[in-house]
Protein chains: 2
Amino acid sequence: MNGKATTTRTKLERGRSALGPALELVHTGRAPTRAVLTSELGVTRATAGAVAAELEALGLIRVDSSPGAAAGSQGRPSHRLSVLETGPVVLAAQVHADGFRAALVGLGGRIVATSPGCVAVMADPAQVLGEVVEAGAGLLRASGLRCVGAGLAVPSAVAEPEGTALNPLHIAWPAGSPVRDIFAACVRRAGITGPAFTGNDVNLTALAEHRHGAGRGAQHLLCVATGHRGVGGALVLDGRLHSGSSGLALEVGHLTVNPEGRPCHCGGRGCLDVETDPLAFLTTARREPGPEESLLKQAGNLLRAEYDDPAVRQAAEALIDRLGLGLAGLVNILNPDRIILGGLHRDLLEADPERLRAVVADRSLWGRSGSVPILPCTLAHNSLVGAAELAWQPVLDDPLAALA
Amino acid sequence: MNGKATTTRTKLERGRSALGPALELVHTGRAPTRAVLTSELGVTRATAGAVAAELEALGLIRVDSSPGAAAGSQGRPSHRLSVLETGPVVLAAQVHADGFRAALVGLGGRIVATSPGCVAVMADPAQVLGEVVEAGAGLLRASGLRCVGAGLAVPSAVAEPEGTALNPLHIAWPAGSPVRDIFAACVRRAGITGPAFTGNDVNLTALAEHRHGAGRGAQHLLCVATGHRGVGGALVLDGRLHSGSSGLALEVGHLTVNPEGRPCHCGGRGCLDVETDPLAFLTTARREPGPEESLLKQAGNLLRAEYDDPAVRQAAEALIDRLGLGLAGLVNILNPDRIILGGLHRDLLEADPERLRAVVADRSLWGRSGSVPILPCTLAHNSLVGAAELAWQPVLDDPLAALA
DNA sequence: CTGAGTTTGTGCCGCAACTAAACAAACTGC
DNA sequence: GCAGTTTGTTTAGTTGCGGCACAAACTCAG
């Protein structure tokens, strides 16, 4: 088994080969009707019709026979394609410094139900994941829907293929915890069907935004976001998450953005991590971080509420300059066609979009690569939706096999 | 033309869909026999046999019916598959600071003929490319082989989709020269058939090494190389060159590797470009660059011949440390599973491989990503072979369509 | 030398995914 | 009310490929 047998897809396993792409088009909202499904897939109307009928028979999508108020165009109105509300769901879970949350997510990134966010995170991943999966299982029982998989977002790099969390420091878990296996075990124990997946939260945010949010249509999407501490990055290439050869790509926190900056635990100085995260903003603005709220919320509130205060404004501008320097470095390496920002970086972008774009353009090397659009993340619960995307992926790749 | 019509491959255009992958396997030497072709493609023996027969009928490969000295294994010996020596070729061209060169390259990266390297490069790209294409056309007439395309490697970032050379400074061409169109015009004018492509030389080096050299089998291959001035990078993902959304990815020359270093024209300080190129090596070793040889050759000779000299050794170690810092930054962003180095960087690696690997491991963040193998480029004329790969790509993607 | 075992190449059948073409349906506009 | 346009459906035909059976070419044991 040295990789020679490259997934021998026998005829029997294969099913209709356009089924997956068709479902993905409906899932991402790019195929509102059978007519555009035909052109997007590059097949005949006969095939598109058969594919849509098969997806409908699988209980995944709905074909509205009632023409409804057709658009003002000529010709016979096309039937609308949409995700079936009563179709299967996946269990999505998210763990962050504030607590954890579980949700059921349908096709199209539709959040069917969420548990109330829990505020406590313990040092034992098995306990936390057991609770969050149990919450999800409760939602599932209440809904009566079929579950086809589970996905988990954690604020840590996740090494592949082991599925271990390498730096879950801000949630007090031990480094190297086998989160993927723990999560999968919890899922099985709770009687939830389907495979279980685990990923880094910023990666999953990028995936969710690419499919349902600000990243739609981008071919080379770069996402940079800060949670409570540290900075994460992600890259979505041609619709697939690029997480490197062992899941550790886009660990952008240690780009140098301020050679005279504060020391970083990595051994360097002025890393993006310690220069542009919420704590950096609060200390640069000479505010004492309080214990009652998360650093992210404190920083965001300060930025929005007191932007008139010169100290706050100067701190914001300093962070924007350093973030811009880091983004420019990434632009020179990755040449994305869109950048989206999350967490405090999103707030910084909205505080002074022109300044950030100017810095990036100034420090990027050539041509259009410097004028790449920079947008804020738009999706609510984006890493939760991203965790769901992970679980949906097998269904999108091969609906027949995944639902069998 | 907003990308909606995704290459409507009608049944007639499509041909045998396993044809391209099969040719690629033979081309890269991964399918020495029909038996391994069967397992690599994941098809039945019947299909593999039909595919091989079709490739043979197209005049691309040869199926040795004579079993020859079969390996010591049991069972019926498999017929050997190999590239047909008298099959079609592509015209490959390379321009660098020392001059230019043309070659004919067959499948498998086999150099069929090369022109003598010319030492003069003029400031007018049309004149240079006219001469190099004319040299290639001469080789082609002398060989009597069929030509299916042309590829050009230039020491400059090439912006897509325009095909303009953004920074061909070291060969004294005007920035923004439309090299792709100029090359294509020269190719047409010389009566050479097939499409013409242009790419950055380091990108093409990486592509060539991935298919025929030190990068074989890597899934995420990072290549960093220095020519006479400046540093270039390239990334090959799953066998395809990743050049970003507009061809400008992996412009790694302006990573900061020495905060107190020399100023760079980009506005920063201590960029990889000015800290690890041949000129940096010569000046760090306190040698006066002479005019008689290229900087690359002077630096390489100095490194190999006088490594016992403390000044030379210290300069090499300083450059290795800075290169290592830059590579570690790239490892954190790209998480490659192999790194290959070319030009002076290759010489630095061979001078002290342990030191370089230690620096990269020390400054990479976690786990195996820091112990990524670092190897020297092995292929002679690698950017020339890479330029040929560019021209071969349409044939590898769809042999029937490309040869029609 | 012979026959059993093993691996590879090939001919034949049939499935199923698709195209092509003709037709039917549902709209708009004159 | 009819022509024009766009969409959905039916039918027939094509084809790439899996499955199978068999033949071919080797090794090895006795």
Side-chain angles (χ1 to χ4, degrees), chain A residues 4-22 31-57 61 63-81 398-401, chain B residues 4-22 31-57 61 63-81 398-401:
Chain A
K4 294 275 176 139
T6 46
T7 54
T8 306
R9 291 162 67 100
T10 66
K11 204 80 179 193
L12 291 178
E13 308 170 358
R14 189 162 46 176
R16 204 173 282 270
S17 73
L19 217 55
T33 68
R34 261 190 289 204
V36 311
L37 188 63
T38 301
S39 62
E40 290 284 314
L41 288 177
V43 297
T44 58
R45 288 200 298 271
T47 306
V51 165
E54 197 161 350
L55 288 175
E56 192 177 24
I61 72 169
V63 181
D64 284 349
S65 293
S66 69
S73 70
Q74 273 197 125
R76 175 176 175 174
S78 191
H79 298 170
R80 300 204 71 77
L81 300 180
D398 189 340
L400 275 178
Chain B
K4 294 276 178 141
T6 46
T7 54
T8 307
R9 290 160 69 97
T10 65
K11 205 79 180 193
L12 291 180
E13 309 170 359
R14 186 161 48 176
R16 207 172 281 269
S17 73
L19 218 53
T33 68
R34 261 190 289 205
V36 310
L37 187 64
T38 301
S39 63
E40 289 284 315
L41 288 177
V43 297
T44 58
R45 289 200 299 272
T47 305
V51 164
E54 196 161 352
L55 289 176
E56 191 177 23
I61 72 169
V63 181
D64 283 350
S65 293
S66 69
S73 70
Q74 275 196 106
R76 175 176 175 174
S78 193
H79 299 171
R80 300 205 70 75
L81 301 180
D398 190 341
L400 276 177

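Since the model is a prediction, treat every value here as computed from it, not as a measurement. Labels below follow one simple rule: chain letters A, B, ... track the order of the sequence lines, proteins then strands, and each chain is numbered from 1. Side chains included, hydrogens not; waters and symmetry mates left out as well; all remaining heavy atoms used.
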Results of side-chain hydrogen bond (donor to acceptor under 3.5 Å, both in side chains) for A:Thr33 - residues two or more places apart only: none
Evaluate the side-chain proximity of A:Leu400 to A:Leu19: yes if any heavy-atom separation is below 4.5 Å, no if none is. yes
Measure the CG-CG distance between A:Leu55 and A:Leu37 for me, rounded to the nearest 0.5 Å. 8.0 Å
Derivation of the side-chain contact (heavy atoms from CB on, under 4.5 Å) call for B:Val63 and B:Leu81: CA-CA 5 Å; B:Val63 181; B:Leu81 301 180; 3.7 Å; yes
Contacts under 3.5 Å, N or O only, protein and nucleotides 7-11 of chain D:
residue: D:dT7; atom: O4'; partner: A:Arg76; partner atom: O; Å: 3.3
residue: D:dT7; atom: O3'; partner: A:Ser78; partner atom: OG; Å: 3.4
residue: D:dT7; atom: O2; partner: A:Arg76; partner atom: NH1; Å: 3.2
residue: D:dG8; atom: OP1; partner: A:Ser78; partner atom: OG; Å: 2.8
residue: D:dG8; atom: OP1; partner: A:His79; partner atom: N; Å: 3.0
residue: D:dG8; atom: O4'; partner: A:Arg76; partner atom: NH1; Å: 3.4
residue: D:dG8; atom: N7; partner: A:Arg45; partner atom: NE; Å: 2.9
residue: D:dG8; atom: O6; partner: A:Arg45; partner atom: NH2; Å: 2.9
residue: D:dT9; atom: OP2; partner: A:Arg34; partner atom: NH1; Å: 3.1

Testing the basics here: between B:Pro32 and B:Val36, what is the closest heavy-atom pair and its distance to 0.1 Å? CD-CG2, 3.3 Å
Where B:Arg34 and B:Ser78 come nearest, the two heavy atoms and their spacing: N-OG, 3.6 Å
Provide, to the nearest angstrom, the distance between the CG atom belonging to A:Asp398 and the P atom belonging to C:dA17. 11 Å
Length of the line joining B:Leu19:CG and D:dC17:P, which is rounded to integer Å: 9 Å
B:Gln74 side chain, from C-beta outward: closest of D:dC28, C:dC18, D:dC17: D:dC28
Contact under 4.0 Å: A:Thr44 side-chain N or O vs C:dT19 OP1/OP2: yes
